[in-house]
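For reference, the structure is listed below as structure tokens.
Atoms within a ligand are numbered from 1 in the order they appear, just like the ligands themselves.
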Amino acid sequence: MTKKLFIKTYGCQMNVYDSARMADVLAPLGYVATPAPEDADMVILNTCHIREKATEKVFSELGRLREQRRDRKASGQDMIIAVAGCVAQAEGEEIMARAPYVDMVFGPQTYHALPEMVAQATRRTGGVLNTDFPLESKFDHLPEESAGQGVSAFLSVQEGCDKFCTFCVVPYTRGAEYSRTPEQILAEARRLVAGGAREITLLGQNVNAFHGQAADGTVWGLGRLIREMAGIAGLERIRYTTSHPRDMDDDLIAAHGEVPQLMPFLHLPVQSGSDRILAAMNRKHGADDYRRVVDRLRAARPDLALSSDFIVGFPGETDRDFADTLRLVTDIGYAQAYSFKYSARPGTPASGMDGQAPESAKSDRLAALQQLLNEQQIAFNRSTVGRTIPVLLDRRGKREGQLVGRSPHMQSVYLTAPDRLFGTVAEVCITDAFANSLTGGIVTGKHVHQPMERLSA
Ligand code: SAH
Ligand code: SF4
Ligand code: F3S
């Protein structure tokens, strides 16, 4: 008997990957995906705890689900309600207490045990709370993927974090750093490619800290894993995220120059340009260390484009510290970036530090930083106009005949193209650039197809 499953995913790509794997674990129990929560037999909220309001969002979503469950009960059906992910890990007890109608609450390291949890929940002997960090790895217990992920796929190779930046909840919600075995990863990569993937993004909270031990006892770094993956026929593009500046080793940097499949785009979060703030954040690198890593990367791969994460208004951040951040941004020149107001997270060291910044200062700094980053992003996008670049066409657009793809530098490219090109890398001449996207036309010989009209991107 088939049952309907709805998973709502918040947060980072690792949660996207986890949601797909939860569906794999539930498939043998008869669960198939449905696009709407109201007709689902099971709803899982796969949550994120990284910044504030995350928990409140979960509770308001749970309130809605409770209503939908009532409606279903009225028509003789039922709904299992589950909370997974990082809020579940951090606030499991509180969820059980405040929302006793929730059937299952489980952390990111336990979802391989979903069949048992579902059995327990169905017996309705009270809610199931599972926020252990089990000794065995879930990866050794997950079934093979039941469905391909499409043209562009995610593959978790590393999880957890031992860095303990003073602002961050991840070491508490995901647990200690763990690397999967190279054999397991390569087998999964081959299956993804057999299932249609042309691009794989290797994932980890600290992906370049990867140190997977192979069956022969050798320990592989991320550089070696990437070189090995490049040997998989049909895999055209490799990316990885998210990296820590301290773990950019020589072999990985060299791989950027030597492995053509490794795309020339890197998300390398720096958080701040002030050495004082970086020290208070426990980042264990200074602004100049970061500049040097970027110089080495660009020496290996001159067309490398960079992205980053920034936090403004960290406790004690002065105007001068913030000016250092702007200076670093100006020095590096980013193709894109994410920036956030510092958010005090319960239980993290920074939440108790002196000098918590007022909201208005955070807003002002965020606006100034985002203006600079936006200018850089638009300038970067404009620099591609008139050039012909390889675009992996991995999505179908909203309009008839429209395909959407990614440039090597992660820009979204919109174009009109025959559907038979879906899933391939096409040569595209870029005709226009916007803040968040490019438009262009397929190049066939010397002829450029008519580009799309302007998009309000
Ligand atoms: N592992 C990655 C980042 C994981 S969290 C790294 O080391 O860089 C993603 C981003 O969220 C972080 O880079 C940081 O910029 C932001 N972030 C994390 N905790 C935050 C907090 N308490 N307040 C504001 N932003 C935060
Ligand atoms: Fe969080 Fe720092 Fe670990 Fe990144 S490196 S996940 S920011 S503790
Ligand atoms: Fe959020 Fe957890 Fe990812 S807190 S960013 S879902 S690791």
| Would you call R180 and D140 a salt bridge, taking side-chain N to carboxylate O under 4.0 Å as the test? |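 So R180 does not pair with D140 through a salt bridge.
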
| said: Can you confirm whether the side chains of K138 and T110 place a donor and an acceptor under 3.5 Å from each other? | reply: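 Judged by distance alone, the side chains do not pair up.
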
| query | Does Y111 have R21 sitting over its ring (NZ/CZ under 6.0 Å from centre, angle to axis within 45°)? | reply |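 Negative - R21 is either too far from the ring of Y111 or too far off its axis.
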
| field | Stacked cation flag R98 on F59, 6.0 angstrom / 45 deg | value |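 Positive - R98 is close enough to the ring of F59 and near enough to its axis.
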
| field | Nearest-neighbour protein heavy atom for atom 7 (S) of ligand 3, which is reported as residue plus atom name and distance | value |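 Closest protein heavy atom to atom 7 (S) of ligand 3: Q205 NE2, 3.1 Å.
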
| field | Nearest neighbour in protein (non-hydrogen) for atom 11 (O) of ligand 1 | value |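 The closest heavy atom on the protein side is R51 NH1, 3.0 Å.
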
| query | side chain to side chain contact (heavy atoms under 4.5 Å, CB included) with T218: which residues, sequence neighbours excluded? | reply |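 Only A214, D216, W220, R224 meet the side chain to side chain contact (heavy atoms under 4.5 Å, CB included) criterion with T218.
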
| query | From atom 1 (Fe) of ligand 3, how many protein N/O/S atoms are found at a distance short of 2.8 Å? | reply |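 Of the protein's nitrogen, oxygen and sulfur atoms, 1 lie under 2.8 Å from atom 1 (Fe) of ligand 3.
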
| query | Should the proximity of F167 to ligand 1, defined as any heavy atom under 4.0 Å, be assigned to the side chain, the backbone, both, or neither? | reply |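 Both parts.
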
| task | Please collect all salt bridge (Lys or Arg N to Asp or Glu O under 4.0 Å) contacts where either partner lies in residues 162-179, sequence neighbours excluded, each pair once. | result |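 Pairs touching residues 162-179 that pass the test: D18-R174, E159-R174, K163-D247.
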
| query | Going by distance only, is there an N or O of S343 that falls short of 3.5 Å from an N or O of ligand 1? | reply |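 Yes, S343 has an N/O under 3.5 Å of an N/O on ligand 1.
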
| Polar-atom distance check: N206 versus ligand 1, any N or O pair below 3.5 Å? |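 Such a contact does not occur with ligand 1.
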
| Close-contact set for ligand 2 against H244 heavy atoms, below 4.0 Å |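 Atoms satisfying the 4.0 Å criterion: 5 (S).
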
| task | Taking the six-membered ring for Trp and the full ring for Phe, Tyr or His, determine whether the centres of Y334 and F310 are under 6.0 Å apart. | result |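 Yes, close enough.
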
| said: Quick check: F164 with Y172 (ring centres under 6.0 Å apart)? | reply: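 Ring centres of F164 and Y172 closer than 6.0 Å.
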
| said: Strictly under 2.8 Å, how many protein N, O or S atoms lie near atom 1 (Fe) of ligand 2? Waters don't count. | reply: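 Count of protein N, O, S atoms less than 2.8 Å from atom 1 (Fe) of ligand 2: 1.
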
| field | From R283, K163, K341 - option closest to atom 7 (O) of ligand 1 by heavy atom | value |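 It is R283 that holds the nearest heavy atom.
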
